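A short worksheet on the structure shown next.
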Amino acid sequence: MRRILGFIGGKASAGDVLEELFSELLGPGVSSEVWERLLNLNNLEEELENHPRRESLVVCLARCPDNFHALIVRCLETVETELAKKADDLDEAAETVLANALFVMSYLLAALPAAAAGVGADAEARETAGAAFMEKLWTVSGAETKPLGERIADSALRALFHDGFTVEEPDATEDDEVQEVDGVMPALIWQEGVGPEGSSQPKNGDMQANRVVGLQLLLALLAAGAPSAIVTQESSDDASVDARLSRLLIPDARPLAYLSDPSRTIPFRAELFYSLLSVAMGYDPHGFGLPYGGYFAGAKQEAFAHLCIQALGLLLQDVRDAALGKGDMSILLSVATKRPQELLISRKSIPEEEGAPVQNVFRDMLAARSSQAEVEFMVEGIVTLLGTVSKEKGSYLPSSMRLPPFLPELLVLVFHLTACPKFVAGACAEGEVISLIEGVLLAANQAPEHVDESGLSLIEAAILLNLTSYREVCVELDEDFDGSLPESIPDFEGTAADFVALAALAQANENLGKCKASKIHDNIVQMSLFTLANVSTFADGLCMEVTSRLFSLFERCVKSLQLSRERLGFASHLPILLEAFDNALQYRYGGNTNLAYGLMTRQAIFRDLVSLVPQVQCHIDLDKDGEKERQLWQQRVEMHLHPISMLLDATVPMLEAEVEKHEISNSDEAKELLPRCILGLMPPPHAFQMRHLQRCAATHLTCEHLLAACLGDGPVCPLWEVEEAEEAEESQRGRSSSQAKPERPAPEARKARERSNSRTRSASSNRSKGSGGAKAAASEPSALPEGAVTGTQDAAGILTKSPERDPGDSRLADGATPNGNGQAGVPTVPTAHQESDTPSPKAGMDTLASQLQEAVASGVDVAQLLAQLQAAKAASACGQAKAACIPLHVLNKLPNIMGAKAAKAKSVPGGSLADLPSEARLGLAPEAASVQAAPPIRSLRGAEQREYTQEQEAAAAKIGAVARGSATRWQVKQDYHEAKRSVEGDPLEPPLLGFADYAQRNSSMPSVPDSIRFKVRDATKQNVLKQLGHTEDVSRWNTFEALASTLLEKVSGSGGESLPPGPKKQMSMAHLFNDEEVRAELETKAAEGFVARRQDHYLLGKYQMVAVPAMADYDSAFGEVRPGPQESPQEASPHQSWDCDGPEGFDGWFWVLHAAAPNIGESAQAEDFLAYSVEEEDVDESSPARTESVRSTVSTASRCCWKDRLVRPTRRLNEDLYIQDLRHLWRNVLTAMRHLQVEDVILFPFGMGAFLRHLNLNDDRYEDASSMRRLKRRIADELMHAIVDICSPKSKAAPKASAPFETRVHLCLVCVNPESVDNHNCFVEAAAARAKGCPELKEILQLRRNVDSLQLAHELAKKSGSGKLKVALLNGANRKLCGNHWFQSGARYAIDENLHRRSASLSRASLLVNFDTEPRPRRATQLQETVKFFSGTVVDLAKKMEPDKVSAVQNQEVKPKSAPPSKATAKAKAPDRRPFCLCGRAKAQERAEEQPEMVTGGPDGAVSHPES
């Protein structure tokens, strides 16, 4: 009833009464008259929530603490007086007085300062006043028997269980009194679930609202001003994380100490705890399990459950935990170790935790819940709440599940529950352990903006460590996992133990680089590795994803030890990693063949480790006994390293002999040779240990920070909100004119975000949290189910329905603007000034409906009124004629007002008045009619037109190509990720085949999100234009293609003189390699099912190659390349470029050789397949029709959609012809690099990616994997023969120079999916086979696994330091356009595009070589003319260019000119020079027979052409 009366208001507005209260607080004190008026306000709660005044209260506390204290005393006396009344005497007026007194006291307690010290004199004064005030609250004075703080706590709990206010006591007669169970009255517990049975409380909305008021006071008493001291995560410094999370926020621990003291008698303490648990665990966020049911479950019930969880989190805290570490935030001293072998004779599978008696009565009550019904209720409740994330991810219906907003607080509660053995035992008995862990990991990855990510990660790691410390939990994890995965965990097939291990390794890898600078991150790494060790003993076979990441982490730690023997660094974690290896081998060897095989392939690392450990002389801590710590570390390492070394020494020689004997080349076959049992190969098993985390300062402070942050952004956040100046002035003006206050909008659902190091904040609202107002409240749209009515709100809060459009229509509606996702947004009406506190849609709807009813009753034409209103609003807001939409809620009420005819207008946006009756449209203004009318879309083609022009045909073909290309790119991406999920087999190890080991090995390639790729691409586009002398920026209107065309026109008109010195010098070094032995291009005609391709669009000939110097700007992870050690920090600006015209010349630069491989299998219409295939002669008509296989089905999107496809391809690949051309290309590549006199050649599986991927669509013989593998092996064999013939010092093709010329060939092989693993194995087998006949190949060829070729080229070039180009990188170029369309969004994983996106110098050179941004018809000599135009060099590979000439070319310099020559001078200097144009033709008249002579440009950039 109190809520209903709150909308009516009193004689004086609540705002005016509050202003008088604050005025008297700063003066003589609050008078009785003002106090009585305040207590009788019916809308005090709404006023305080809509217009918070915490800053005013803080000022009053600092200036007049006595008045502040007197007001609290007055509030407390009022509360105690009202609580003394019985239920029959508690009428509506008394209820209002009690609620208002509780409200005021809550806001007064929340105004107390936090524990953190402020900055400045004002902050120090406030802190001093706050400390003195809190001391006064908890000190007995005068005739009082209890401190004021204890009386407040007692009153809060009594208010939560007062008959008639928050509970209904059962009617009891003299013979039937209310029974108590262990001092608890079951009838008063709010809900059944936890605690003694017998709750009789009805579901009453008013009582629940009063409970919220009581909980608000309890939270304000416990937290004080802590939520206002939360600092947002603005800084990414690791040290700032420790500084932020290592300080207490709650200023006084005495309220919690009083409530949790087992020796004190506090009313209704047990009833409160059981009620909080029952409400929190009994909340159903799913809405009765129905789709979209959560949207109807009720926001009030969710907010009530949210408050209960927050209160539980605060009550389970204990400030004594913060003193355990004595100022040290490390968790190592709090990690307890136990040996489950010692518990075999115990009847309890999960022993109870031993230690000091519990000093927190709430923790004692939580641990004492032992009945089966209670434990089942808690387990089911926790799993249900945490399972919302998994259900939301796995729902087939879009947005059918809502995520509760209290996931961080729920994780804090789960952390406390994992310390209760009975709860964990119940979860194991119910079989919900895996679901519990899945929910914890998913919820931890849904951190809202106001929560510190590092703190949430620490709680997540602590929960996993505590759960895996129970033996029964680890046994339960040995089941197959089929749940949902967080973003940080890759897809895998394995058990729940693999799931936990992957989560622990992900945390360890993410925080390893920060652990030395931050104790918080070090704690996360330590707990993650302890979790891994706990699981390793019981995991029956770790999956491939776990072992690969485990070895990657192990190699990082060993590398740290190899680099420095005086500091441990990452090597401090080696003991626990070796313990995990030892546990898995000793106790689970039979199922861990992947782990055993991986250890044996890393025998060299373990041998180095055995020799390095005794040499370590580290100083772990100068304040401690460093020698003792070092010896302890060495003992732990040697204890687990010795058994592993024994196993490797006994098995590796035997394994290598068997592999060589049986000529095994497959890792799966090699694993079959592993010993079935290790009995006798390793010493007796050690006693494995299981670790768990006890209470410590790190977890206490982290939980406190999480709870404080969630309080400041939860249901009672108005307690700690501050009012900004603009809102205060506006509210003051509005208060004088009107007393009616709009209903406060319900808090919108906050959208959770995945973890990331960089985030973008949403727009700030007009309220901020904290005393400084630095924390902005994010305004996110509330989550609605897909298909629900959506729209926009105008300035009056009226909801406007979005016009329904055809999904296939890509045009924007009138008035619509594209949103951030590149999609058409709904029509919006911009306003000059938007307020965040606008009236709610419901309030605006009710107001407008009442006005319409009054208008109809008085005879007003409502239709005309609406039309004029819409027209005026559209004209004033948009400034021009816009199609308007009638508000949906108005149209819903029109049938009751105007009849069925007017209701037809609901479905007509923009021109909806046309369907109204004519009498309703009388008197409509012409302006309004013109606004409502929308011009029809007219077709350019007449209705009878059936013939299309050539331009229309070309446009249709281009549209079709774009559509097919988009579908193909999407399908290729899906195929890539599908293949990446199911890697079959292992990459071959070169030493097992007799070849040299990897020169470099990485566990995987970096995972780069598309957002970073596109960001780098856009930066490269801008840098290319700037480096070429163009000052205009790329924008939506000035695209890269348009600006590049303008720039090329300028370059062409100036004869190349407009280029800056850097690009001019770079292009003068360009080399075009021709091959006179090239046979003519095969003329291909269209075959059945295939389309002939035009040959005049090619820029590169079949055997032509072009080499240009370049440098890398970004590494393999698309991060900026750091400057070398010779550069100063001032020169390390990311926007500064080091060009080749500087003093360092080509230092750090390298050659990039563009060559194109034949495309015979990119799609069902591969461009070169016709040239390398023949028609099948003998077709077996009796053979059954071909059915689509798995490999062909996934690629149907790449086929021609307008052509009829044959059931079975009738052409066959001429494999010998194809291999012959690949042999020629391999040799030309190596010959060209030999001509360039490079010392390091970087290659990759050339032509074996996308150009072969779907060959089965054109020749179904390659459906067989063995046929495809045989073809790839032949390609790899040709490369090995070419390396031996050309790069070997004993070969005839080696250069006859005075000094020996050494060449190293680096082959970069990727192993991320089955296709790349197959390519890798083919090259490894080919290298091993060729090395048997030519052992020198082992010294020439270096295999590098999962190494980025561009980053390798950069590192080798920087390492050479000679200033000359000694490194060459092969690029698989596009024949029509070097770099292809790197400046667009396609081909995110292709080598050609990715090399260009990460190198502005390479991209600008390709732009100048292409001299266009699109493939166009070109002459056969187009590329030669372009190279000569820029004073480059044309080389004939058949004539064997001398090395001296190459050296002379490399040493040539571009002489800087004092000033650019004028047009007249340039014309006089080169009168016969033709201007260059984009299409490759001279702008002047040219004759077909005129061909320029192939010459080498001079050093000054001039090019001489023969006169015509």
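Predicted model only: the values in this text are computed from it and were never measured.
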inquiry  = So does Ser1403 get a backbone contact from the side chain of Ser1406, meaning a donor-acceptor N/O pair under 3.5 Å?
reply    =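 No: the side chain of Ser1406 does not pair with the backbone of Ser1403.
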
query = Do Gln1066 side-chain atoms and Val1108 backbone N/O form a donor-acceptor pair below 3.5 Å?
reply =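 Looks like no, no N/O pair under 3.5 Å.
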
Non-hydrogen atoms of Ala1019 and Tyr1114 that approach each other most closely =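 Nearest heavy atoms, Ala1019 then Tyr1114: CB-OH, 3.7 Å.
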
key: Heavy-atom side-chain contact between Gln1342 and Tyr998 under 4.5 Å   =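 A side-chain contact is absent here, since even the closest heavy-atom pair is not under 4.5 Å.
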
query = Taking it one step at a time, do Ser1399 and Thr1020 satisfy side-chain contact (heavy atoms from CB on, under 4.5 Å)?
reply = CA-CA 7 Å; Ser1399 173; Thr1020 301; over 6 Å; no

task = Using salt bridge (charged side-chain N to carboxylate O under 4.0 Å, His left out) as the criterion, list what pairs up with Glu555, not counting sequence neighbours.
result =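 In terms of salt bridge (charged side-chain N to carboxylate O under 4.0 Å, His left out), with neighbours along the sequence ignored, Glu555 is linked to Arg602.
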
inquiry  = Would you say the rings of His1381 and His1396 are close, in the sense that their centroids are separated by under 6.0 Å?
reply    =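 Aromatic pair excluded; centres sit 6.0 Å or further apart.
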
task = With sequence neighbours left out, write down each residue that passes ring pair (Phe, Tyr, Trp, His ring centres under 6.0 Å) with His1030, or none if nothing qualifies.
result =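 If we apply the ring pair (Phe, Tyr, Trp, His ring centres under 6.0 Å) test to His1030, skipping adjacent residues, there are no hits.
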
request  = Could you walk me through whether Glu1041 and Thr1413 pass side-chain hydrogen bond (donor to acceptor under 3.5 Å, both in side chains), step by step?
outcome  = CA-CA 6 Å; Glu1041 293 90 331; Thr1413 57; over 6 Å; no

query = Can you list the steps and then say if Asp1348 with Cys1308 is a side-chain contact (heavy atoms from CB on, under 4.5 Å)?
reply = CA-CA 7 Å; Asp1348 182 71; Cys1308 296; over 6 Å; no

query = Can the positive tip of Arg1398 be found less than 6.0 Å from the middle of the six-membered ring of Phe1118, inside 45° of the ring normal?
reply =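 Ring-cation test returns yes.
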
key: Verdict with supporting geometry, Ser552 and Ser1003, side-chain hydrogen bond (donor to acceptor under 3.5 Å, both in side chains)   = CA-CA 6 Å; Ser552 175; Ser1003 59; 3.3 Å; yes

